[in-house]
Amino acid sequence: MLNSKTTIDKKMIYYSFLMIFIFIIEMAVPYRRGIVSIFLYALTPIRVLICKYMAYSFDRENASSRDFKACIKAFEILSWIFIIDFLGNLVLTVPFPRHMVMHSFYFFMITMILEYVVSSIAYYYYYVSSKIDNSDGMPRVWSILNIIITILLIFAFTKLLAGENDTSGMLIFWSIIFFLIRETMVIVSGCKIKKADS
Amino acid sequence: MSFWSYLKKSKIQLVILLVLIITSVILSIYLNRLNTPPKRMYDIDNDLAWDYNGHYVDRDGNIVVDCKYFKDPKRFKDNPRNYSIYMLATSIVFDENIYNYPTFAAAGMVDDYPYTPLFTDSYRLAGNFTGGYATFGIPADFNSFYPFNYGYIDMNGDIAIPPVYQGAWYFDDNGYAIVYQETGIGARGYGIINTKGEYLLEPIYEHIKREQDGTFSIEYFSNEEGTMYGNADIDGNITWEE
């Protein structure tokens, strides 16, 4: 049976994959009325529950051995951001006239960047609290990668609003590349932690 | 401690989440009912109608014209988050200007505009097919004075004449259509085009009206002469009234 430490590391990897998977679903599933609409609507509350579950897992870890208070806080904040996101979706659904569309676009883009930043912070503290971090500078590389991706996303967003789609597309392409590197780090680090533990 | 008891620790969050979920499901069901497409309007000439999904269909629902450029983002109105992601994706993938959203619509129906009296629900942006062509509209730039730009599609559903006009009317038997176009700051007016999109009469006229015999009565304003009235034949020759 897996011990608790390995489980939380695995959970972090699963969490990472799950969040990406949900985002891909949101991007790829074409909008249809009825059940698909409700399903797409339900993705944000599912995210809230996932965040709460991660906070719960870290809380259990925290009680047993390691100090994960910062991670718990970050996941709690993230769940609140998702609730605000969901609330925004609901509030904007009611009137949703044409002149509000761009405002809703700003709102969701900003909350998405915010969600990304807060989840990055959660990961950062997770690395800090893990065993191997201080030896291979994982948190430093992690935070640098995240800062690069965040800056790229903000630039892409502003360029998109300025109508420069080519530049924006390029910036998003690079942020995806960095994001893939980041995700590879998650898997590698998860394996490393598991190896160090066994 | 189980996950459920952990969730119960933050009661406010849980209550808010549950209330939001219930409200959104009710709202989604309600809006879906609200968004049912209007009745099809069949043309008298060919007994065909737009199905509001980019198809020109007969009474049995068989597709006669498939509008390839049809996009239907109107149904996103009950999920603004998904709509924003759609806007983001289409702007990047298809390199389309974000300000042209939300209502690219061809051969379909646009959202109702509760704050814009000009457009009501079930307003059709696509015209009927006459002479093998139908008008269609896409939203203009976000800050444009004119809400839509119009062009023409052919019976294959392809764009025959791109949407560059601020007003476009049907083609007659001679293959001419009246259009309204803004060609620059302060330069705008009614003109006449052929099926290739070439001007028979430049868009500089105050008004153009189609007559029974296929000719056009025109109205032109100049600072020197004032308002002038005339008649244009199908070759574009104008006869001014004294």
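A note on names: the letters A, B, ... follow the listed sequences, proteins ahead of strands, and every chain is numbered from 1.
Heavy atoms of A:Thr44 lying under 4.5 Å from chain B belong exclusively to its side chain. Looking at A:Ala42, neither its backbone nor its side chain comes within 4.5 Å of chain B, counting heavy atoms on both sides.
In the displayed structure, A:Phe155 atom CZ is contacted under 6.0 Å by at most 12 heavy atoms of other residues, nucleotides or ligands. More than 12 non-hydrogen atoms from other residues, nucleotides or ligands lie less than 6.0 angstrom from OH of B:Tyr199.
Between chain B and the options A:Phe86, A:Phe107, A:Phe173, the largest number of non-hydrogen pairs under 4.5 Å is found for A:Phe86.
In this structure, CG in B:Leu17 is found 12.0 Å from CZ in A:Phe82, a value given to the nearest 0.5 Å. Going from atom CG of A:Leu90 over to atom OG1 of B:Thr23 covers 5.5 Å, rounded to the nearest 0.5 Å. Rounding to the nearest 0.5 Å gives a distance of 6.0 Å between OG1 of A:Thr111 and CZ of B:Arg81. The line from CG of B:Leu20 to CG of A:Asp85 is 11.0 Å long, rounded to the nearest 0.5 Å. For the atom pair CG (A:Asp59) and CZ (B:Phe3), the distance works out to 11.5 Å, reported to the nearest 0.5 Å.
By the 4.5 Å heavy-atom criterion applied to side chains, B:Ile85 and A:Met112 are counted as neighbours. With contacts defined as side-chain heavy-atom distances shorter than 4.5 Å, the pair B:Ile16/A:Trp80 qualifies.
Closest of all the heavy-atom pairs between A:Phe108 and B:Ser84 is CD1-OG, 3.3 Å.
Within residues 45-54 of chain A, the residues having any heavy atom less than 4.5 Å from a heavy atom of chain B are, in residue-number order, A:Pro45, A:Arg47, A:Val48, A:Leu49, A:Lys52, A:Tyr53.
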